[in-house]
Structures are given as C-alpha cells and as structure tokens.
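Every chain is numbered from 1, with letters handed out A, B, ... down the list of sequences. Keep in mind that the numbers below use all heavy atoms, side chains included, and drop hydrogens, waters and symmetry copies.
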Number of protein chains: 2
Amino acid sequence: MTSTSRPSPTPTASVDPTEPRWLTPAEQHLWRTFMRMRQQLDAQLARQIQAESDISIADFSVLVVLTDVPEGRVRVLELARNLQWEKSRLSHHLARMVKRGLIERAECTEDGRGSFVVITDAGRRAIEAAAPRHVELVRTLFFDPLSEEQVTQLTQISERILGAMEGCPEALSES
Amino acid sequence: MTSTSRPSPTPTASVDPTEPRWLTPAEQHLWRTFMRMRQQLDAQLARQIQAESDISIADFSVLVVLTDVPEGRVRVLELARNLQWEKSRLSHHLARMVKRGLIERAECTEDGRGSFVVITDAGRRAIEAAAPRHVELVRTLFFDPLSEEQVTQLTQISERILGAMEGCPEALSES
DNA sequence: CCGATCTGGATGACATGTCAACCAAAGAGG
DNA sequence: CCTCTTTGGTTGACATGTCATCCAGATCGG
C-alpha cells in the first residue's frame, strides 16, 4: 500500500539526479509496516468507538477539545487549528453534530463573522461514556506493547518527522 | 485530537479496577504527537499525489499492487487482503478506477464468482508518472529526518504494535 | 443428486471528506 | 468615509468510505 518500490529494472548504484532515490528493501519494509500499523490502529479505534457508543471518532476528537476548554466553548477556527482539520471539513462536521445535539452554536459578539461552538449536556454525557473504553484500547493497542524505552524513542521520532513537515514546501493545510 | 486525558479531578494513585488507566502526561504527549504526525504525513502525501498527477493516493496503492504482480493481474480478494481494505470499499473503488480507465476486469475461469483486476496501459503510465515524486516525498518527510538508528527503532516499534493487534479481541477488518 | 451453507463480490443508502466558490464582517490605506 | 483586501465561516458538488444486504457460484453432508 502507498508503496514506493522501484517499478523497473535496477540501476543499483545510480547517481543520476533525475532518478528518484528509491527505497531500499529495509526502508520499504519499514514503510509498509508503518503504514499498515497506523491504518490498523486507526481502524480499530474507529470501529470500537463507533460500535460501543453513539459517537464517531471524529465527534470524539471535537468533544475532547471542547471539554478541555473553559466553559466548553471555542471559536470555530481555533478548533480547526487544534484539530488540524480543514475549515470546510470542520464546518460540515459541526453541522452534523449540531443536528445530533452534541454541540450548539453561540454568537460571537466580539467578531460579527465568527461563531462559537459549545458542548451540550448530551455531548458531555456522550464523551464521558466513550472515553474510558477508548483510553483502554489506546493503551492495549499502542502503549502496552511498547517498552518504556520505545515510548521515549517513538516520542523523539514523531517529533522529528513532525518538525520536518512544519517547514515543508508542500502547503500544510491552510491554518 | 482523539485524546485521552483524564476528564475529571485526579485520584492520582488509584488502583480502582473500574477506573480506566488514564494516560500520563508523557504518554499523552506521545499520543498527540504521534497522531498529529501521521495525520500530517498522510495529508501531505495525499495532497501531493493528487495535485501532481491524475490519480489519488488510493488509486496509487491499488496500482502498486498490480505492478508488483505477474501480468498485472490479481483476484479482487487477494487485492483486498494485500491492501487491508474492506471488500466493499475495494469494490466501489475498483468500479471508479474502471470508469477512469486505470484498470479493467477480467473473467475468472477457475472460479465463476470471482473476477480479476488487470492494470491497463493508462494505469501503468499513471503510476509510473506519479511514483518518482511520491517516493521523493516519502523520503523527504519520513526517512530523511530520521537517523539510521531511529529507522531501526521505528521498525521494531511498528512491528510490535502491529503484532499486538493481530491477536486482538476487536475484530480486524474481515479478511 | 440436493438442499444447506460458505465465499467472492456487487450494490444502495448513507456518513464523511475535499475542493472551489461564495459571502459578510473586519481591517487597512488613502 | 470609501474602496480594497483579508479573514472567518458556510455552501454545494462531488469523491470517498462504511454498513447491511443481496446474489450467484462453490462446497459440503448426506
């Protein structure tokens, strides 16, 4: 999946700058394993939360931010930045969540264009119901298999990659 | 996002088995960083391939498998297993790819129900056009920031987590 | 050979995400 | 003030993913 093997015969030690730097077998293996791992992880977390509660994992993420914040009340763009979602995705999603009664809108008096998102009681109940099993699964699938050392390593690795992306030519989602 | 902080006051050293094992601040930090990292990574790869070629990253993944296989020809379920996609997702996606001329169907004589998927010339051209820049970006974003040691570490980590999921109570996508 | 069941796969309804275009309020700059 | 640009946010069309259901061909037990 999303793979990157050399599709053609093999000019093994090429220094041709027009020839892309194909992945070595070891790199290839990491890339595939990594992708498969994160994909399974996502899928399991999504499936579990969907199956055992009334909300999706996307709802969950939104609600998490809202419970983390004073009065359960945030500006939409603040939310978008926090979640790193495109604003249009967020807009659509918030509309659906309003329809389901998980959140409400509130007018923003300081800025006539803006609007606030507020968590409702139903929303609070929903996330409180979903959270414990979710954390448990995160632990089981992600933390339990790792040693303390590996946790440290993975932290550094993630920070490295993330850091590298922040200064990348490719536009980050418009923030 | 998809967070797991303790939503309430703090019974720090609780051994209550009904109380979920909330994440420590360090774990929390890793979890958030990791999720953000993989999300950015995905987004960038998807955006780039979409912008610079005629295919999506999903198309790309499918085509990769097809170019990896004799005669560019695979059974649908084989493809599903390889990609770890649900069969219905795959079915829909293949239909779209046929419509775009990237692949074709071929009858399966050994098994009357089954069908083969075959890559077309257009499909081959499409992936060959997309691959070099894609690998290059994978390198830039993922491998270049890491030391050799970290590559080794991440390989082990990914294998660990993936391994743990294979024997998990939660159903893996029906394979 | 025959029904019961399993398997490979397609389908429809629906949830979700993306892109581009739009809109109104807020800040410039003159 | 009065345009011009920016910003915060929504919208519609469309691509994609999920779930449940369906269906025909294969297999299995007699």
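The interatomic distance linking A:Leu94 (CG) with D:dG8 (P) rounds to 16 Å, in whole Å. If you take CD of B:Glu86 and C1' of D:dT21, they are 14 Å apart, rounded to a whole angstrom. Here the P atom of nucleotide D:dG9 and the CD1 atom of A:Ile103 are 13 Å apart, to the nearest Å. As rounded to whole Å, 11 Å separates atom P of D:dA20 from atom CZ of A:Arg47. For the pair A:Arg75 CZ and D:dT10 P, the computed distance is 11 Å after rounding to whole Å.
Using modelled atom types, no side-chain atom of A:Gln40 and backbone atom of A:Met37 make a donor-acceptor pair closer than 3.5 Å. For B:Ser91 (side chain) and B:Lys87 (main-chain N/O), no donor-acceptor pair under 3.5 Å exists by modelled atom type. B:Arg21 places no side-chain N or O within donor-acceptor distance of the main-chain N or O of A:Glu136, the cut-off being under 3.5 Å. Between the side chain of B:Arg36 and the main chain of A:Ser158, no donor-acceptor pair closer than 3.5 Å is present.
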Would you list the atom pairs, donor with acceptor, under 3.5 Å between side chains in residues 98-107 of chain B and any protein atom, with sequence neighbours excluded?
residue	atom	partner	partner atom	Å
B:Arg100	NH1	B:Asp59	OD1	3.2
B:Arg100	NH1	B:Asp59	OD2	3.0

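Scanning atom types as modelled, no donor and acceptor separated by under 3.5 angstrom connect the side chain of A:His92 and the base of D:dG9.
Note on A:Val69 and A:Leu94: same hydrophobic cluster, where clusters join Ile, Leu, Val, Met, Phe, Trp and Tyr whose side-chain heavy atoms are under 4.5 Å apart, directly or indirectly.
With sequence neighbours excluded, no residue satisfies salt bridge (charged side-chain N to carboxylate O under 4.0 Å, His left out) with A:Arg125. Annotation: side-chain contact (heavy atoms from CB on, under 4.5 Å) contacts of A:Arg89 (sequence neighbours excluded): A:Trp85, A:Glu86.
Where A:Ser91 and B:His93 each meet DNA chain D at their nearest nucleotide, the meeting point lying more 5' is that of A:Ser91. Two residues, B:Ser56 and A:Gln50, neighbour DNA chain D, and the one matched to the more 5' nucleotide by heavy-atom proximity is B:Ser56.
More than 12 heavy-atom neighbours from other residues, nucleotides or ligands sit within 6.0 angstrom of CG on A:Asp111.
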key: Verdict with supporting geometry, A:Asp42 and A:Arg47, salt bridge (charged side-chain N to carboxylate O under 4.0 Å, His left out)   = CA-CA 8 Å; A:Asp42 270 20; A:Arg47 219 158 332 103; over 6 Å; no
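Taken residue by residue, residues 105-127 of chain B places heavy atoms nearer than 4.0 Å to DNA chain C at B:Arg105, B:Arg113, B:Gly114, B:Ser115.
Under 4.0 Å is where a charged nitrogen must lie from a carboxylate oxygen, and between B:Arg73 and B:Asp68 no such pair does.
From the 5' end on, the contacts that DNA chain C makes with chain A at under 4.0 Å to a non-hydrogen atom open and close at C:dT16 to C:dA26.
Taking the C1' atoms of five terminal pairs at each end of the helix from C:dC1-D:dG30 to C:dG30-D:dC1, the two resulting helix axes are inclined by 20°, rounded to 10°.
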